[in-house]
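One structure is given here, and the rest of the page talks about it.
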2 protein chains.
Amino acid sequence: MTNKGKATSIDIAYLAGVSQSTVSRALRNSPLVKPETVARIQQIARELNYKVDKHASSLRTQQSTTLALLLFEDPTSDDSLINPFFLSMLGSITRACAIKGYDLLVSFQQLSDDWHADYEDSHKADGIILLGYGDDVDYQPKMQQLDAQGTRYVRWGADSGTLCVSSDNRQGGILATQHLIELGHQRIAFIGDASNHYPELFARYQGYAASLLAAGISLEPGLQVDAITTEESGYKATCALLDSKSAGDFTAIFAASDLIAIGAMQALTERGLMPGKDVAIVGFDDLPLARFTTPALTTVRQDTKLAGETLVDKLISRIRGESVEAVTIPTQLIVRNSCGALPGKV
Amino acid sequence: MTNKGKATSIDIAYLAGVSQSTVSRALRNSPLVKPETVARIQQIARELNYKVDKHASSLRTQQSTTLALLLFEDPTSDDSLINPFFLSMLGSITRACAIKGYDLLVSFQQLSDDWHADYEDSHKADGIILLGYGDDVDYQPKMQQLDAQGTRYVRWGADSGTLCVSSDNRQGGILATQHLIELGHQRIAFIGDASNHYPELFARYQGYAASLLAAGISLEPGLQVDAITTEESGYKATCALLDSKSAGDFTAIFAASDLIAIGAMQALTERGLMPGKDVAIVGFDDLPLARFTTPALTTVRQDTKLAGETLVDKLISRIRGESVEAVTIPTQLIVRNSCGALPGKV
DNA sequence: GTTCATAATGAAACCGCTTTCTCAGCCTCG
DNA sequence: CGAGGCTGAGAAAGCGGTTTCATTATGAAC
């Protein structure tokens, strides 16, 4: 079959001496077709290297067996650098889709883009996975629009009314903070979002706050600095912290993400402070690179594998019309060397 | 329009009082339609939130405006961990596709899978981008099959007859090795592939060998150890190197990838050798994490942004039937601290 | 020996769009 | 004034499947 025109079901029908409808049925193992006919037809199809045309099939059945992954980036972050965390998620989502027999379309979007539901409107995908940090205020209108259009989607992030899969960020914050407290730290700074712009980071803050209070340590506003999930932001926030007199003598930092933690470690090092010795640091995410920082970063691991699988599962359920609930995935503290130091003065 | 059935071009035709064919033309700004008619129709389409059905369109035109990215993994490597380098590539490919107006399907494959051309056979994609390290011997049959089927594809890697985009690995090897030589190193080990199983790594080795010879340093087989692109592999190779008597007193390592370099640094550290001080190290790739190792890794940067764009461009050209040539992308030496040491004895 | 489910298949409609073919007006030109 | 030439638009034929509906055996049942 060197002719470029790929074989169609009609070709097979001709070769098998049956009608095209029978071929269509046989290829999908319809019980309406006699078993030996099915076998014969499938054999011929195999020989011809025939594959069902995705578009024809999708057009007729009105479903594409394709999911779209929309990763949208905070416009404030570096244009070309994708957060490694999402890259990990992408990996696990890809795998989960393959297992479920769905194709995966991937697209990176600016939050400002008018992407809303394009993928579903044009029937490119049966459902959408939304991935990305970002100010919740920016998301809300989009979500509402999706809901209004009846678009099937799941979102990674913090619970916000819509169908959502997320790590247990609050619990992760508790894990991190308790660890520091157990090591004897009392003045623990938090770098991240404490004002609920980024719900995930905010939940980590809540865990932090809850742990402190539970340990009888009062919250000090001066020990909290806002940052988004980039090194630059973590770096700047830490500098601000070091410069402020009120922060004075913190002995530990809970960074709301590994990237922030890395920026923080840079800032500390530049000021002659040794991370892990002079100041303990805990991050969040457990990026692949967390093992390779110096000192190796103690951090809260998000289970990206499970997360990806769950996102895909839930989305497929939703596409099938089943009712689905939000899911929270536990986190895990990974102890490395960045808290190795005894609490010391800054 | 709360009805679930999405609007079709017929709905628009009805509302605009024209025929459906005219709608189709108008939506694609055909000059066959009077400008004011075009405007009216597009206006209505906008109001209805109408999007052309991808499948219907693709079925009719026989092209999907979609590219497939097949990332296949060396079965020898860890199952769930994707090489960060490919993740970067994926990022840039995604962007390049978006710019060109193509959708991108992403799939991870085992090299052993019978994926060949499935994406094209079923018309899911107009062309395929192949990404992944792997023994060239394993690839050849696949490539030939793709060629035989007339599948449009581009491959990232080393030049091998097929349309291919790659970094100038040999030049990168030269950059790295010359850097070490200029720093005064004479006994430079190479960890990677010196037997042309992995053409990319082998090209780096060739650059290494050429540089040594150009500097009048003879190649010592004992200073070369095979490794694939993982930390474990780099770790083991370095241990082997340290254990072998013939290697004895090397003062520098050129690792064929950053992951190998990181493994090497771990091995050195465990043996009480300080990377960057006792032994200089150069890596290859410039992964995001290279900046965060200790010491920060001097490495050869591959321009993933340009690489992704080029892959996409070339593939689209090929789809259009234009004749395309293999492309080689220059690399760049990024000097950090891992070669900071004066040459010392091991 | 009709009648009637049942099984296996074929014919044809249809999914929503693109594109070719046709055609009605309306000009231009010799 | 009749023969072409344009313009703008409609009718209809696909694209390659899926699915409904109709049809022909084939026994089973009465």
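Below, read A as the first sequence line, B as the second, and so on, with proteins coming before strands; counting in each chain starts at 1. Bear in mind the structure is a predicted one, so any value in this text is a computation, not a measurement.
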Problem set entry | B/Ser317: side chain to side chain contact (heavy atoms under 4.5 Å, CB included) partners, not counting sequence neighbours | B/Glu322, B/Val324

Problem set entry | Partner residues of B/His55 under the ring pair (Phe, Tyr, Trp, His ring centres under 6.0 Å) criterion, sequence neighbours left out | A/His55

Problem set entry | side-chain hydrogen bond (donor to acceptor under 3.5 Å, both in side chains) involving B/Arg60 - partner list, sequence neighbours excluded | none

Problem set entry | ring pair (Phe, Tyr, Trp, His ring centres under 6.0 Å) partners for A/Tyr153, two or more places apart | none

Exercise. With B/Ile316, which residues qualify under side chain to side chain contact (heavy atoms under 4.5 Å, CB included), at least two apart?
Worked result: B/Leu67, B/Lys100, B/Tyr102, B/Val312, B/Arg320

Seminar exercise, completed: So salt bridge (charged side-chain N to carboxylate O under 4.0 Å, His left out) across residues 124-133 of chain B, not counting sequence neighbours, yields A/Asp103-B/Lys124, B/Asp118-B/Lys124

For this session: Go through the structure and list residues passing side chain to side chain contact (heavy atoms under 4.5 Å, CB included) with B/Ser21, not counting sequence neighbours.
Result: B/Ser19, B/Arg25

Exercise. Looking at the side chain of A/Gln62, which of C/dT19, C/dG16, D/dT18 is the nearest nucleotide?
Worked result: C/dG16

Problem set entry | Side-chain N,O (A/Arg28) to OP1/OP2 (D/dG17) below 4.0 Å | no

Exercise. For B/Ala98, what residues pass the side chain to side chain contact (heavy atoms under 4.5 Å, CB included) criterion, not counting sequence neighbours?
Worked result: none

Problem set entry | End-to-end axis angle, where each axis spans five pairs of the helix from C/dG1-D/dC30 to C/dG30-D/dC1, to 10° | 60°

Identify each atom pair where a protein N or O and an N or O of nucleotides 23-28 of chain D are less than 3.5 Å apart, giving names and distance.
none

For this session: Enumerate the residue pairs fulfilling ring-ring contact (aromatic ring centres under 6.0 Å, His included) with a member in residues 13-38 of chain B, sequence neighbours excluded, ordered by first and then second residue.
Result: none

Within the sub-3.5 Å range, which N or O atoms of nucleotides 7-10 of chain C have a protein N or O partner, and how far apart are they?
| residue | atom | partner | partner atom | Å |
| --- | --- | --- | --- | --- |
| C/dT9 | OP1 | A/Thr37 | OG1 | 3.0 |
| C/dT9 | OP2 | A/Lys34 | N | 2.9 |
| C/dG10 | OP1 | A/Ser19 | N | 3.3 |
| C/dG10 | OP2 | A/Ser19 | N | 2.6 |
| C/dG10 | OP2 | A/Ser19 | OG | 2.8 |
| C/dG10 | OP2 | A/Thr22 | OG1 | 2.6 |
| C/dG10 | O6 | A/Arg25 | NH2 | 2.8 |

